[in-house]
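Notes to accompany the following structure.
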Amino acid sequence: MVMSAVVEEAVMDAPYGVAEPVRTIEHAAEEINGSFSLTDVSVAYGAETVIAGVNMLVPTRAVTALIGPSGCGKSTLLRCLNRMNDEIGNVRVGGTITLDGLDIYQKSIDPVDLRMRVGQVFQRPNPFPMSLYDNVAFGPRTQGVRKRDELDAIIEEALKDAALWDEVKNHLKKHAFELSGGQQQRLCIARALATKPEVLLMDEPASALDPISTQQIEDTIAELKNMVTIVIVTHNMQQAARISDQTAFMLRESMDQPAHLVEVGETKRMFTNPDDRRTESYITGRFG
Amino acid sequence: MKVTPTDMAGRHLGRTTRRRAAEAVVRTLVYAAGLLSIVILLAIAVFLFVEARRSMSEVSLGTMLTSTQWFPTGTPKIFGFLPLIAGSLMVTAVALVVFVPIGIGAAVYISEFSAGWFKEGMKTVIEFMAAVPSVVYGFLGVAVLIPWVKETFHLTSGMTALTGGLVLGIMSLPTVISISEDALHAVPDALRQGSLALGNTRWQTIYKVVVPSASSGIFAGVMLGLGRAIGETMAVLMLTGNAAVIPGSVFESVRTMTGTIAAEMGEVVFGGLHYSVLFSVGLVLFAITFAINLAADLVLERQRKRWRR
Ligand SMILES: Nc1ncnc2c1ncn2[C@@H]1O[C@H](COP(=O)(O)OP(=O)(O)OP(=O)(O)O)[C@@H](O)[C@H]1O
Ligand SMILES: [Mg+2]
């Protein structure tokens with residue numbers, strides 16, 4: 001493929017600062033199926049630049065965790081990856097973000113198409129006020145799937161992948177609001193999976209849930225990473241350590257300068273032997 | 001005074017007697033307010049019924065409701081409500097065709113596509129529209145709409161059900177728009193985000209998620225608009241020509257129930273038969289609006305049951 005050359009070039013030439021690209025994780029740059037490359041990414045809300053100089057790779061079929069103190073721009077960075085920032089007025093994204101070598105901010109890219117490839121799960125479960133079935137069928141229907149048996153198959157698969165199938169297979173006509181919070185969140189994961197995305201972005205997907213539901217979501221994520229690239233924002237250090245392959249630590253050191261990426265690397269190493277002192281103190285809970 | 005259990009520091013646990021008394025007072029007041037509105041409603045019905053009793057015994061409700069002619073001052077006098085009911089329904093139907101699409105469209109535009117001072121400006125203008133007296137809308141209709149309808153449709157008179165209905169539609173717009181806008185505004189942003197993140201365009205998001213989520217509120221707005229249209233008096237009196245004949249199309253002159261009551265009440269003998277018949281018309285109008293509201297409530301209740309548990 002033509003794009004792979006572009007990816008490799010981007011990877012090799014990217015001007016990395018503090019953050020070293022991860023090369024330890026398998027298929028990091030070789031496979032071109034849902035891997036992001038961020039080069040000198042910055043984001044400004046109006047006149048205020050909140051993130052600057054972010055360079056990192058998001059490897060395919062692995063879990064990347066974004067950690068950092070509240071307000072350091074994790075959600076903002078996450079929203080760059082599916083261009084949900086476009087929906088907020090007055091946001092400027094600088095630098096380059098490529099998905100499998102394709103610049104997702106170039107003019108010819110329609111964010112609507114991008115979002116079919118890059119799904120998102122939000123902090124609070126946000127099922128639509130309709131049946132379980134219609135919730136999961138929502139994305140496929142947008143993509144033009146109309147046949148009942150086709151939809152049935154997609155929905156079953158998505159619900160199985162989200163580890164919700166066994167609980168709801170006999171109640172697909174039930175209203176989504178009748179589910180528990182944890183079930184609703186897994187429904188939202190199924191809904192995102194039904195469009196067959198290559199990447200799944202998750203912004204603190206378990207922060208509104210009880211420990212058992214959290215455990216179920218984490219198990220689901222562990223299963224899912226065989227199918228999709230996952231980028232997850234979390235405030236829970238243990239969770240990041242448990243579920244992610246790569247961790248990126250962001251920090252905004254003072255309010256008059258933008259946040260930056262302090263360190264990015266393999267999770268195991270980051271949590272045992274971080275390069276940066278600030279990473280260490282954040283992980284061990286000394287600030288943030 | 002009843003003593004409530006105390007904790008180790010001696011503080012009262014649970015509710016104190018004083019707080020309980022205050023609660024009881026508030027509960028009684030709220031209860032009384034609710035009861036009062038029911039009492040008022042019943043009082044209106046009873047009052048209408050008492051005044052209408054003479055017509056019911058002398059003409060009979062069945063005759064009034066089935067007779068197709070309205071000659072209250074002819075010999076013999078004929079009191080048939082069908083032309084009036086047909087007139088009201090036709091004018092209201094025209095209004096509905098006007099205010100449903102425009103009202104919902106405007107609400108969607110204000111809620112989903114405008115922002116900042118423009119949005120506030122629009123809302124102020126809509127509120128102002130609601131405050132304009134209906135006789136002014138009537139003037140507008142007389143000056144602009146009557147000649148326009150006459151010319152456009154090549155009619156001998158521009159005073160038609162269409163003319164009245166168009167103005168009623170415009171008059172009902174503020175109600176429909178502001179209630180629908182509130183309903184759309186109340187749809188959580190998280191649902192919009194969820195839809196966009198699934199690769200829906202803004203339009204798809206609006207018609208597949210936002211509007212359905214707000215549908216009960218929008219429905220309530222439409223129902224209130226309907227109530228406003230069917231009860232409006234002055235504008236229809238000025239614009240519809242007031243011929244008490246069952247209309248064959250919207251291009252004919254009609255006379256509504258409200259228009260009839262308003263126009264004839266001043267000329268009848270107090271306590272006479274005609275007077276009493278007009279109260280029967282009022283009773284029918286009351287029953288129709290009551291039925292519409294009841295139906296709307298049932299629909300809303302069913303939707304609430306289905307959607308929020
Ligand atoms: N829509 C917005 N408009 C203006 N500024 C914003 C907006 N969203 C976020 N910001 C600012 O951008 C900065 C980063 O916010 P962001 O929500 O990305 O942080 P976060 O790391 O996700 O925080 P948290 O952990 O609390 O969710 C904050 O200073 C915030 O005030
Ligand atoms: Mg956040």
Side-chain angles (χ1 to χ4, degrees), chain A residues 75 78-79 81-90 110-131 134-144 173-179 184 187-188 190-197 199-203 208, chain B residues 104 107-122 179-180 182-221 299-309:
Chain A
S75 301
L78 198 73
R79 283 197 299 266
L81 302 180
N82 62 349
R83 291 187 59 174
M84 283 296 280
N85 277 334
D86 292 21
E87 305 302 330
I88 308 169
N90 217 359
D110 186 344
V112 169
D113 296 332
L114 173 71
R115 290 176 200 144
M116 294 202 183
R117 294 177 59 184
V118 183
Q120 183 173 356
V121 175
F122 297 81
Q123 180 168 0
R124 298 193 161 274
N126 59 349
F128 300 133
M130 45 183 87
S131 72
D134 290 337
N135 261 283
V136 186
F138 199 87
R141 282 184 174 139
T142 303
Q143 293 171 331
K173 286 272 156 286
K174 220 166 141 176
H175 197 272
F177 292 174
E178 292 175 41
L179 297 179
Q184 287 188 9
L187 180 70
C188 293
R191 185 176 73 186
L193 290 175
T195 61
K196 304 251 189 285
V199 184
L200 198 54
L201 309 177
M202 305 178 127
D203 195 344
Chain B
I104 297 176
V108 165
Y109 178 75
I110 294 173
S111 161
E112 307 295 313
F113 291 100
S114 67
W117 64 267
F118 186 72
K119 184 175 192 153
E120 291 314 309
M122 295 274 288
I179 293 182
S180 303
D182 281 348
L184 291 166
H185 185 76
V187 174
D189 225 25
L191 292 186
R192 293 186 184 82
Q193 302 268 328
S195 170
L196 289 169
L198 284 172
N200 285 286
T201 62
R202 274 178 87 180
W203 273 113
Q204 288 170 326
T205 298
I206 287 166
Y207 79 77
K208 286 161 72 175
V209 175
V210 181
V211 170
S213 299
S215 61
S216 47
I218 293 176
F219 182 75
V299 170
L300 288 179
E301 192 51 41
R302 228 187 50 202
Q303 227 172 35
R304 251 196 298 275
K305 274 219 186 91
R306 220 180 55 212
W307 280 24
R308 307 203 183 272
R309 278 186 220 226

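Chain letters run A, B, ... following the sequence lines, proteins first, then strands; residues in each count from 1.
In this structure, the portion of A:V118 lying under 4.5 Å from any heavy atom of chain B is its backbone and not its side chain. Contact of A:R83 with chain B is not made at all, since no heavy-atom distance falls under 4.5 Å. Using a 4.5 Å cut-off between heavy atoms, A:T142 contacts chain B through both its backbone and its side chain. Interface remark: A:P127 contributes backbone atoms only to the contact with chain B (heavy atom separation under 4.5 Å). For B:R192, no part lies under 4.5 angstrom from a heavy atom of chain A.
Residues A:V112 and B:G199 share a closest heavy-atom pair of CG1-O, 3.1 Å. A:G139 and B:L198 make their closest contact through N-CD1, 4.4 Å (heavy atoms, listed as atom of the first residue, atom of the second, distance). For the pair B:G194 and A:F122, the tightest heavy-atom approach, listed with the atom from each and the gap, is CA-CE1, 3.7 Å. In terms of heavy-atom proximity, A:F138 sits nearest to B:S195 at CE2-OG, 3.8 Å. Residues B:K208 and A:M130 come closest through the heavy atom pair O-CE, 4.0 Å.
Using a 4.5 Å cut-off on side-chain heavy atoms (C-beta onward), B:L191 and A:P129 make contact.
The distance from the OG1 atom of B:T201 to the CZ atom of A:R115 is 10.0 Å, given to the nearest 0.5 Å. B:N200 CG to A:M116 CE: the interatomic distance, rounded to the nearest 0.5 Å, is 6.5 Å. We find the CZ-CD distance between A:R79 and B:Q193 to be 7.5 Å, quoted to the nearest 0.5 Å.
Atom CZ of A:R124 sits in a sparse spot, with 12 or fewer heavy atoms from other residues, nucleotides or ligands closer than 6.0 Å.
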